[in-house]
**Student:** 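Can you read through this structure? Questions will come right after.
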Amino acid sequence: MTHSTTPDPTALLALARRLRGRDRTWTAGAAARFDAWLDGLERDDAERLAVAGRFAAIVAGTQHVGFFADLGIAPPDGFGAELRRRAMHRLLPEDLEDDQLKDWARRLFGAQAAASWALSIPGDRWQRLARLLDVASLPAPARQRLAAEMLEALKVLSARIAAAGVDPGISRVYPDAQRSASPFLEQQPAVRAYVDGWSAALVAGDAQPAEDDRPVRVMLHQCRDVVRRIRRNTGRTGVTVSLTFKLQRLSEIVDRLELLLDLLDFTQPGEQRDAAWMRFFRQQVRACADETSLRSVWRKSTELAALEITEHAGRTGEHYIAADRAQWWAMLRSAAVGGVVVAFMAIAKVLITAMHAPPLVEGVLVSLNYGLGFVLIQLLHGTVATKQPAMTAARIVAEVDAGQGGDRAWMPRVVELMVQVVRSQFVAVLGNVGVALPLAVLLTWALLAATGWSPASPEKSAALLDQLDPLGLTVFYAAIAGVCLFLAGIVSGYCDNLAVFHRLPRRVARMPLLVAVAGERRAQAVGAWVEHNFGALAGNFLFGCMLGGVSLLGTLSGLPLDIRHVAFASANLGMAGTVLWAQLTWQPIVLAAVGVVVIAVTNLAVSFTLSLMLALRARRLDARGIGATWRELVRRALSRPLDLVRPPPTAVRPETPVPD
């Protein structure tokens with residue numbers, strides 16, 4: 001029901017529109033209009049009192065609990081529900097109530113342009129307006145109502161902290177949350193005592209209650225410690241988007257409750273209270289504009305999940321970095337195994353397309369060929385070179401994050417790591433291409449010599465060479481493959497994270513049928529194997545399905561969609577070159593070889609760049625640190641270029657594991 005003294009918002013909205021005009025920021029025109037209005041208020045007491053009266057009427061005639069306890073805090077419905085709500089409100093705006101202070105704020109600052117304008121206004125202008133309107137000396141009814149509503153908001157926020165603390169999702173990763181000594185539960189009696197003291201002071205007409213807020217602040221500090229502990233342990237416990245959303249909401253509630261304590265603390269100097277109110281005002285203005293932002297809720301809800309995905313990918317990435325000579329040779333052998341499988345996969349793919357099956361059937365068969373082939377490479381402890389960037393980017397960013405500080409003492413270590421990464425990329429590509437190409441040549445030649453038949457007809461071989469032309473769409477198709485590589489890395493990290501969160505290894509080891517058939521010891525070994533391989537297998541299989549799926553989508557839609565992967569490109573070059581050897585001059589072969597190099601560079605560059613951007617964003621790092629490191633790497637490459645390709649020295653970095 002609408003409050004009887006609810007003021008009419010029309011006049012205030014018209015004033016705000018007139019002051020803002022068409023500006024989105026604090027331009028010269030906006031400053032002139034705002035200052036002219038303030039000067040007018042200073043000269044015209046009648047106008048100043050009228051504006052002050054409207055402000056007091058808003059404070060006295062609206063409900064404030066939602067403004068203090070809801071606005072700017074994630075709702076309890078969860079990530080999916082909030083995403084749907086915001087999408088719906090883009091099409092059908094929410095009905096705003098005149099008796100709710102938060103809806104007044106939404107009217108004024110709900111548009112992105114209005115919020116940007118308000119946030120750009122210097123603080124001294126807002127302070128001058130507050131002095132002119134004599135906000136600090138509101139009429140007694142308005143002042144008491146404001147304090148009472150803030151106290152109600154404190155109780156609401158306290159109850160939400162207690163409820164969030166015993167939420168099953170949070171209790172799962174923090175079992176002590178449901179114990180009586182949990183700070184999530186213990187803060188509620190402290191808040192109740194503080195609110196009761198304030199309420200008694202309001203009834204008695206005192207300016208400040210006898211009860212101080214120190215016990216509440218101690219409990220809030222402990223709540224923050226628990227949230228930080230949960231986030232630190234997510235590498236061991238895993239994380240989901242739902243849990244991330246709950247932790248984000250809990251942190252926002254704790255922060256808001258503490259900010260309200262600052263606003264109610266009349267013992268602190270006036271400058272500090274003014275700063276707290278200004279901080280709260282700007283926070284609420286920003287929240288009004290963010291309430292319908294899909295990007296905002298997505299960023300907040302997936303940030304920690306992205307961090308954990310990249311963390312798992314980063315730990316996997318250690319296996320893709322050759323830090324010494326032994327690991328360099330191990331990487332070469334591992335890549336050679338991958339090259340062997342890729343050669344057979346390339347021939348199998350040509351045979352599948354030669355069947356001229358219906359497009360959907362052909363697409364499924366090609367996807368299975370890629371997916372199962374990559375799974376086989378993983379099972380044989382082989383390496384696909386282009387998978388490395390999605391893994392190693394997170395490892396580099398983790399080193400940069402660990403070394404952030406005042407000096408740049410960390411840079412040599414990160415540069416050395418990047419040299420190792422580039423060297424590892426090179427040797428992996430060398431192993432894949434150096435085996436896949438000659439093996440494809442050998443297999444094709446052997447079939448021609450023995451049977452007079454080859455997997456690729458002369459027409460198909462000519463088409464395979466045309467696909468490697470660097471002057472066509474080769475770079476675009478190679479970039480698509482790079483995106484698929486990036487997504488495969490995300491899937492690997494996500495599946496590793498889910499395996500940890502859902503305790504998949506322990507659950508597999510306790511499967512009754514597995515224990516009965518294999519015995520308890522072997523079942524535990526299977527569980528350990530799942531822990532170390534589940535993410536990699538899922539990422540490899542999905543990567544293969546994506547490669548086949550892109551080609552299928554291009555065929556069905558008629559769009560120019562296809563993929564170019566360096567290992568398969570080299571095998572195709574070997575196969576086509578063998579079939580057409582007697583008919584070709586050297587120019588097409590050289591052009592196709594250049595195409596293979598271009599594909600390799602594009603595959604690696606696209607997947608590494610996207611993975612690096614995700615890892616930087618997940619850790620909230622500035623890209624400038626990476627940029628400076630790249631410049632240092634270029635200087636290192638120009639002074640010692642062989643460091644990027646030749647086997648490294650025998651010693652160093654014992655903590656980096658040998659590729660498996």
**Student:** At what distance, to the nearest 0.5 angstrom, does CZ of F486 lie from OG of S607?
**Tutor:**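 The CZ atom of F486 sits 9.5 Å away from the OG atom of S607.
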**Student:** How would you list, by chain and number, every residue that makes a salt bridge (charged side-chain N to carboxylate O under 4.0 Å, His left out) with R224, sequence neighbours excluded?
**Tutor:**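 D255, E258.
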**Student:** Taking atom types as modelled, is there a side-chain donor on Q187 or S158 under 3.5 Å from an acceptor on the other?
**Tutor:**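 A donor-acceptor contact under 3.5 Å links the two side chains.
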**Student:** Could you state the interatomic distance from CG (D99) to CD1 (I58), rounded to the nearest 0.5 Å?
**Tutor:**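 Interatomic distance, D99 CG to I58 CD1, rounded to 0.5 Å: 13.0 Å.
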**Student:** Any side-chain heavy-atom pair from L154 and L264 closer than 4.5 angstrom?
**Tutor:**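 Sidechains of L264 and L154: in contact.
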**Student:** Restricting to side-chain contact (heavy atoms from CB on, under 4.5 Å), what partner residues turn up for V218, sequence neighbours left out?
**Tutor:**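 For V218 the side-chain contact (heavy atoms from CB on, under 4.5 Å) partners, ignoring immediate neighbours, are Q222.
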**Student:** According to salt bridge (charged side-chain N to carboxylate O under 4.0 Å, His left out), who are the partners of R214, at least two apart in sequence or on a separate chain?
**Tutor:**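 Partners of R214 under the salt bridge (charged side-chain N to carboxylate O under 4.0 Å, His left out) test: D212.
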**Student:** Ignoring hydrogens, what is the shortest heavy-atom contact between A289 and Q112? Give both atom names and the distance.
**Tutor:**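 Smallest heavy-atom distance, with atoms named: CB-OE1, 3.7 Å.
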**Student:** Given H64 and T62, is the side chain to side chain contact (heavy atoms under 4.5 Å, CB included) satisfied, shown in steps?
**Tutor:** CA-CA 6 Å; H64 304 170; T62 56; 3.3 Å; yes
**Student:** I want to check something: taking the side chain as every heavy atom from C-beta on, are V226 and P183 in contact at a cut-off of under 4.5 Å?
**Tutor:**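 Side chain of V226 against side chain of P183, heavy atoms only: contact under 4.5 Å found.
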**Student:** So, taking the atom named CG in L15 and the one named CZ in R20, what distance separates them when rounded to the nearest 0.5 Å?
**Tutor:**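 Output value for this atom pair is 12.0 Å.
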**Student:** For R128, check salt bridge (charged side-chain N to carboxylate O under 4.0 Å, His left out) against everything at least two apart and list the hits.
**Tutor:**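 For R128 the salt bridge (charged side-chain N to carboxylate O under 4.0 Å, His left out) partners, ignoring immediate neighbours, are D39, E42.
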**Student:** Which heavy atom of A118 sits nearest a heavy atom of V285, and at what distance?
**Tutor:**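 Looking at all heavy atoms of both residues, the shortest contact is CB-CG1, 4.0 Å.
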**Student:** Checking R286 now: which residues fulfil side-chain contact (heavy atoms from CB on, under 4.5 Å) with it, not counting sequence neighbours?
**Tutor:**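 Scan of R286 (side-chain contact (heavy atoms from CB on, under 4.5 Å), adjacent residues dropped) gives L119, D290.
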**Student:** State, with a plain yes or no, whether a side-chain heavy atom of S199 is found less than 4.5 Å away from one of V195.
**Tutor:**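 The answer is yes; the side chains approach within 4.5 Å.
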**Student:** Could you check whether any side-chain heavy atom of V216 comes within less than 4.5 Å of a side-chain heavy atom of L257, counting everything from C-beta outward?
**Tutor:**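 Yes. Closest side-chain heavy atoms under 4.5 Å.
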**Student:** Please report the closest heavy-atom contact between H221 and R228, naming both atoms and the distance.
**Tutor:**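 In this case the closest contact between H221 and R228 is CE1-NH2, 4.3 Å.
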**Student:** For L537, enumerate each residue passing the side-chain contact (heavy atoms from CB on, under 4.5 Å) test, keeping only those at least two apart in sequence or located in another chain.
**Tutor:**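 By the side-chain contact (heavy atoms from CB on, under 4.5 Å) rule, L537 matches V375, Q378, L379, W529, N533.
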**Student:** Could you tell me whether a side-chain N or O of R256 sits under 3.5 Å from a main-chain N or O of L71, the two making a donor and an acceptor?
**Tutor:**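 Yes; judged by distance alone, with no hydrogens or angles, the pair exists.
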**Student:** Can you name the nearest heavy-atom pair linking C495 to G535, along with the distance?
**Tutor:**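 That would be CB-CA, 3.8 Å.
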**Student:** Within the structure provided, determine whether R217 and D262 are in side-chain contact (heavy-atom separation under 4.5 Å).
**Tutor:**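 Contact flag for R217/D262 side chains = yes.
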**Student:** So, do V508 and E531 sit near enough that their side-chain heavy atoms are less than 4.5 Å apart?
**Tutor:**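 No, their side chains stay 4.5 Å or more apart.
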**Student:** Rounded to the nearest 0.5 Å, what's the gap from CG on D213 to CG on L220? Could you check?
**Tutor:**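 Reported value, rounded in 0.5 Å steps: 9.5 Å.
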**Student:** Do C288 and L108 have side chains that get closer than 4.5 Å, going by heavy atoms?
**Tutor:**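 Not in contact.
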**Student:** Among residues at least two apart in sequence or on other chains, which ones pass side chain to side chain donor-acceptor pair (under 3.5 Å) with E152?
**Tutor:**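 With neighbours one apart ignored, the set is K155.
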**Student:** Name all residues meeting the side chain to side chain donor-acceptor pair (under 3.5 Å) criterion together with T27; count only those two or more places apart in sequence or in a different chain, and write none if there are none.
**Tutor:**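 For T27 the side chain to side chain donor-acceptor pair (under 3.5 Å) partners, ignoring immediate neighbours, are D23.
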**Student:** Assess, by modelled atom type and distance only, whether the side chains of Q100 and R106 contain a donor and an acceptor separated by less than 3.5 Å.
**Tutor:**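 Side chains of Q100 and R106: no pair found under 3.5 Å.
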**Student:** If the condition is salt bridge (charged side-chain N to carboxylate O under 4.0 Å, His left out), which residues does R506 pass it with, not counting sequence neighbours?
**Tutor:**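 In terms of salt bridge (charged side-chain N to carboxylate O under 4.0 Å, His left out), with neighbours along the sequence ignored, R506 is linked to no residue.
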**Student:** Return the minimal non-hydrogen interatomic distance between M219 and A190, and the atom names on each side.
**Tutor:**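 Scanning both residues completely, I find the closest heavy atoms to be CG-CB, 4.5 Å.
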**Student:** When rounded to the nearest 0.5 angstrom, what distance separates CZ in R131 from CG in L41?
**Tutor:**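 Between atom CZ of R131 and atom CG of L41 there are 13.0 Å.
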**Student:** If the condition is side-chain contact (heavy atoms from CB on, under 4.5 Å), which residues does A69 pass it with, not counting sequence neighbours?
**Tutor:**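 V65, A153, V156, L157, R160.
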**Student:** What's the spacing between F109 CZ and Q284 CD if we round to 0.5 Å?
**Tutor:**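 Going from the CZ atom of F109 to the CD atom of Q284 covers 11.0 Å.
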**Student:** Tell me every residue that passes ring pair (Phe, Tyr, Trp, His ring centres under 6.0 Å) with F67, counting only those two or more places apart in sequence or in another chain.
**Tutor:**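 Residues passing ring pair (Phe, Tyr, Trp, His ring centres under 6.0 Å) with F67: F280.
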**Student:** Using only atom types and a distance under 3.5 Å, with no angle test, would you say the side chain of Q248 pairs donor to acceptor with the backbone of A74?
**Tutor:**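 Flag not set: sc Q248 to bb A74 has no pair under 3.5 Å.
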**Student:** What verdict does the side chain to side chain contact (heavy atoms under 4.5 Å, CB included) test give for L542 and L487, after you've listed the backbone C-alpha separation in whole Å, the side-chain angles of each residue and the deciding distance to 0.1 Å?
**Tutor:** CA-CA 9 Å; L542 186 64; L487 295 176; over 6 Å; no
**Student:** Looking at side-chain heavy atoms only, is the closest gap between I73 and R249 below 4.5 Å?
**Tutor:**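 Counting from C-beta outward, I73 and R249 do come under 4.5 Å.
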**Student:** Restricting to ring pair (Phe, Tyr, Trp, His ring centres under 6.0 Å), what partner residues turn up for W277, sequence neighbours left out?
**Tutor:**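 W277 satisfies ring pair (Phe, Tyr, Trp, His ring centres under 6.0 Å) with no other residue.
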**Student:** What closest approach, in Å, do C223 and I161 show between heavy atoms, and which atom pair accounts for it?
**Tutor:**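 Closest heavy-atom pair between C223 and I161: SG-CG2, 4.3 Å.
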